[in-house]
S.K.: 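Quick one: structure below, then a few questions.
Basis for what follows: all heavy atoms, side chains included, without hydrogens, waters or symmetry-related copies.
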Amino acid sequence: MQRIAIIGAGLSGVTLANSLKEHFKISLFEKSYSPGGRIASRNVEPYSFDHGAQYFKVKSKAFQDLINPLLSENVVAPWQARFVEMCNQGITKQTLWDDKHPHYVGVPNNRAFVEHLSRGLSITLHSRVVEMKKVNQQWALKAEGDAPLGLFDWVVCAMPVPQTQALLAKANLKYNAISDIKMQACYALMLGFEDKMDLGFDAAMVKDETISWISNNSSKPMREKGFNLLINSTNDWADTHFNQNDDWVIEGMKSTVSNIINQDLSNPQFCALKRWKYANCKRQDEQPYLIDNTNKIGLCGDWFMGGRIESAFKSGHQLALAMLKNAHV
Ligand SMILES: Cc1cc2nc3c(=O)[nH]c(=O)nc-3n(C[C@H](O)[C@H](O)[C@H](O)COP(=O)(O)OP(=O)(O)OC[C@H]3O[C@@H](n4cnc5c(N)ncnc54)[C@H](O)[C@@H]3O)c2cc1C
């Protein structure tokens with residue numbers, strides 16, 4: 001069996017691994033302490049925050065086929081949120097997210113859904129790949145600390161595009177097709193409160209502010225314990241202020257949201273900030289993956305199409321189909 005290294009255990013890498021595992025020997029390397037990537041969750045009793053992706057929708061049959069069994073196993077569930085759009089501190093539109101157009105989340109948190117899909121895969125965690133080098137006809141990978149990770153016939157980068165480009169540059173590889181794709185930052189503010197608040201909504205898309213999203217994370221299924229809010233900055237604001245320290249960002253975001261929802265959020269029981277340097281990218285209609293048969297390199301990730309969970313799935317899934325076709329299996 002040919003050996004494939006997949007760098008990054010977000011949804012695109014895990015989808016690829018699951019689609020190829022019958023035909024190739026797959027090794028996943030992940031720098032973090034768990035799979036999931038930007039589908040991320042943090043538990044701090046009694047709070048549970050999804051501080052990466054908030055929810056997802058399903059458009060394609062292939063993605064629906066993946067999600068259907070997860071719904072039956074209660075790993076994914078619809079979030080029946082009271083959704084609003086806000087502008088100038090007022091509500092401009094409201095809808096109830098119902099079963100007709102479901103908005104899904106992982107259960108009991110978003111990361112759990114990718115962890116579930118990762119079961120049985122060979123994943124080396126805490127392993128940041130920092131070097132890939134051709135040795136004879138194979139790729140030799142190294143992690144931080146000069147740790148050798150083995151020899152592989154193929155390498156697939158399933159990381160955000162700037163991290164992909166940086167690693168490829170070490171092997172003197174550059175692909176023009178991806179050189180102009182940019183990613184933007186985002187701040188996620190996590191606030192936990194002793195007492196519940198009624199905001200009049202569960203999820204709000206905010207327009208014309210430095211905040212883009214406010215949600216009552218505890219309104220998602222199976223997260224009833226501690227009342228908490230998850231707030232996202234806009235990508236532009238995070239890009240502009242990415243060098244500011246945490247306290248400055250937290251105070252700025254808390255005060256902006258307090259004004260928008262007309263509630264005093266200055267004294268939460270729990271407060272933390274997550275800085276996503278590579279959070280999102282603009283929507284584009286490129287081929288959803290890249291394959292270089294000469295060098296035996298594959299690239300996948302949401303950024304081929306735009307920062308959405310289904311884009312990550314589609315990219316990993318379609319790269320897998322292309323690799324299986326090449327291998328005549
Ligand atoms: C704040 C925020 C909110 C979002 N909200 C939504 C939403 O509501 N709905 C939606 O559909 N999408 C949302 N998204 C986007 C969604 O999270 C992504 O589209 C999707 O998770 C991307 O998956 P991926 O596998 O392409 O990349 P990632 O999830 O980024 O996975 C890449 C993995 O590679 C690992 N890695 C990177 N470098 C290395 C290295 N050198 N060695 C080893 N491992 C490495 C990373 O740790 C990571 O686990 C949001 C994203 C963010 C950040």
Side-chain angles (χ1 to χ4, degrees), residues 6 8-22 26 28 30 32-83 96-125 158 188 190 202-203 213 215-226 228 230 274 276 300-302 307-320:
I6 300 175
L11 184 63
S12 63
V14 166
T15 300
L16 178 78
N18 277 324
S19 310
L20 295 180
K21 66 186 178 191
E22 304 295 325
I26 308 286
L28 274 147
E30 169 54 54
S32 185
Y33 66 94
S34 79
R38 279 171 280 152
I39 303 176
S41 304
R42 187 184 293 183
N43 288 323
V44 185
E45 281 296 324
Y47 307 114
S48 170
F49 298 95
D50 295 320
H51 58 292
Q54 294 299 295
Y55 67 90
F56 62 93
K57 292 197 271 186
V58 177
K59 293 191 176 148
S60 65
K61 181 182 177 308
F63 195 38
Q64 192 70 62
D65 288 345
L66 177 87
I67 296 305
N68 282 344
L70 303 181
L71 283 164
S72 311
E73 291 171 71
N74 214 18
V75 180
V76 162
W79 181 19
Q80 291 174 330
R82 295 170 295 159
F83 172 76
L96 184 67
W97 283 350
D98 58 16
D99 289 344
K100 261 200 219 149
H101 307 286
H103 296 68
Y104 295 113
V105 293
V107 173
N109 56 47
N110 279 352
R111 191 182 66 209
F113 128 71
V114 189
E115 281 175 333
H116 182 88
L117 294 173
S118 313
R119 281 191 200 153
L121 295 174
S122 162
I123 307 184
T124 309
L125 298 171
M190 295 161 255
D202 300 318
W213 175 259
S215 78
N216 167 2
N217 238 235
S218 26
S219 69
K220 292 179 179 175
M222 288 193 59
R223 292 149 166 97
E224 292 85 11
K225 276 197 288 178
N228 67 74
L230 192 289
K274 170 70 185 174
W276 293 103
C300 63
D302 63 336
R308 285 282 160 265
I309 287 182
E310 185 161 3
S311 310
F313 165 79
K314 188 173 176 189
S315 181
H317 181 63
Q318 297 220 355
L319 175 59

S.K.: Assert yes or no for the condition that the ring centre distance of Trp79 to His103 is strictly below 6.0 Å.
M.R.: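 No, the ring of Trp79 stays outside the 6.0 Å limit from the ring of His103, centre to centre.
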
S.K.: Mind listing the closest non-hydrogen atom pair of Ser48 and Asn228 along with its distance?
M.R.: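 Shortest heavy-atom separation between Ser48 and Asn228 comes out as O-ND2, 3.4 Å.
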
S.K.: I'd like to know if the side chain of Ser19 and the backbone of Thr15 have a donor-acceptor N/O pair within less than 3.5 Å.
M.R.: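 A pair under 3.5 Å: yes.
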
S.K.: Check whether any side-chain heavy atom of Lys59 lies under 4.5 Å from a side-chain heavy atom of Glu310, and answer yes or no.
M.R.: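 With C-beta onward as the side chain, the pair touches.
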
S.K.: Using the rule side-chain hydrogen bond (donor to acceptor under 3.5 Å, both in side chains), only one of Lys314, Arg308, Arg38 pairs with Asp302; which is it?
M.R.: Arg38

S.K.: Does the side chain of Gln80 come under 3.5 Å of the side chain of Asp202 through a donor N or O and an acceptor N or O?
M.R.: no

S.K.: According to side-chain hydrogen bond (donor to acceptor under 3.5 Å, both in side chains), who are the partners of Asp98, at least two apart in sequence or on a separate chain?
M.R.: none

S.K.: Looking at Ser118, is its backbone amide N or carbonyl O close enough to the side chain of Asn18 to form a donor-acceptor pair, meaning the two atoms are under 3.5 Å apart?
M.R.: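 No; judged by distance alone, with no hydrogens or angles, the pair does not exist.
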
S.K.: Would the Trp213 and Tyr55 ring centres measure less than 6.0 Å apart?
M.R.: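 Between Tyr55 and Trp213, which both carry aromatic rings, the centre distance is below 6.0 Å.
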
S.K.: Go through the steps for Val75 and Val107 under the test side-chain contact (heavy atoms from CB on, under 4.5 Å), then give the verdict.
M.R.: CA-CA 5 Å; Val75 180; Val107 173; 5.9 Å; no

S.K.: Does the side chain of Val105 reach to within under 4.5 Å of the side chain of Val76, using non-hydrogen atoms?
M.R.: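 A side-chain contact is absent here, since even the closest heavy-atom pair is not under 4.5 Å.
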
S.K.: With Lys21, which residues qualify under salt bridge (charged side-chain N to carboxylate O under 4.0 Å, His left out), at least two apart?
M.R.: none

S.K.: State, to 0.1 Å, how close His51 and Trp276 come at their nearest heavy-atom pair, and which atoms those are.
M.R.: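 Where His51 meets Trp276 most closely, the heavy atoms are O-NE1, 2.9 Å.
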
S.K.: Do you know the tightest heavy-atom contact between Ala158 and Ile6?
M.R.: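 That would be CB-CG2, 4.1 Å.
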
S.K.: To the nearest 0.5 Å, tell me how far Asn43 CG sits from Lys225 NZ.
M.R.: 7.5 Å

S.K.: Keeping Ser12 on the side-chain end and Ala312 on the backbone end, is there a donor-acceptor pair under 3.5 Å?
M.R.: no

S.K.: What distance do Leu16 atom CG and Leu28 atom CG have between them, rounded to the nearest 0.5 Å?
M.R.: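 With rounding to 0.5 Å, CG (Leu16) is 8.0 Å from CG (Leu28).
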
S.K.: Measuring from Arg223:CZ to Asn216:CG, what's the distance to the nearest 0.5 Å?
M.R.: 11.0 Å

S.K.: To the nearest 0.5 Å, how far apart are NZ in Lys57 and CH2 in Trp97?
M.R.: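 Lys57 atom NZ to Trp97 atom CH2 measures 7.5 Å (nearest 0.5 Å).
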
S.K.: Looking at every non-hydrogen atom in both residues, tell me the closest pair between Pro221 and Pro78 and how far apart they are.
M.R.: CG-O, 3.6 Å

S.K.: Could you grab the distance from atom CG of Asp50 to atom CD1 of Ile39, nearest 0.5 Å is fine?
M.R.: 10.0 Å

S.K.: Could you list all the salt bridge (Lys or Arg N to Asp or Glu O under 4.0 Å) pairs where at least one residue sits in residues 113-124, not counting sequence neighbours?
M.R.: Arg111-Glu115

S.K.: Kindly say whether Thr124 contributes a backbone atom to a donor-acceptor pair with the side chain of Glu30 at under 3.5 angstrom?
M.R.: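 No, Glu30 side chain to Thr124 backbone: no donor-acceptor pair under 3.5 Å.
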
S.K.: Which label fits Phe313 and His317: parallel for a plane angle under 30°, tilted from 30 to 60°, or perpendicular past 60°?
M.R.: parallel

S.K.: What pair of heavy atoms forms the shortest contact from Ser60 to Val58, and how long is it?
M.R.: O-CG1, 3.7 Å

S.K.: Which pair of heavy atoms, one from Leu319 and one from Cys300, lies closest together, and at what distance?
M.R.: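 Taking Leu319 first and Cys300 second, the nearest heavy atoms are CD2-CB, 3.9 Å.
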
S.K.: Could you state the interatomic distance from CG (Asn109) to OG (Ser41), rounded to the nearest 0.5 Å?
M.R.: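 So the CG of Asn109 and the OG of Ser41 are separated by 3.5 Å.
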
S.K.: Evaluate the side-chain proximity of Leu70 to Tyr104: yes if any heavy-atom separation is below 4.5 Å, no if none is.
M.R.: no

S.K.: Within the distance-only criterion (no hydrogens, no angle test), does the side chain of Lys220 pair as donor or acceptor with the backbone N or O of Gln54 below 3.5 angstrom?
M.R.: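 Pair found, side chain donor or acceptor close to backbone of Gln54.
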
S.K.: Between Phe56 and Phe63, is the ring centroid distance below 6.0 Å?
M.R.: yes

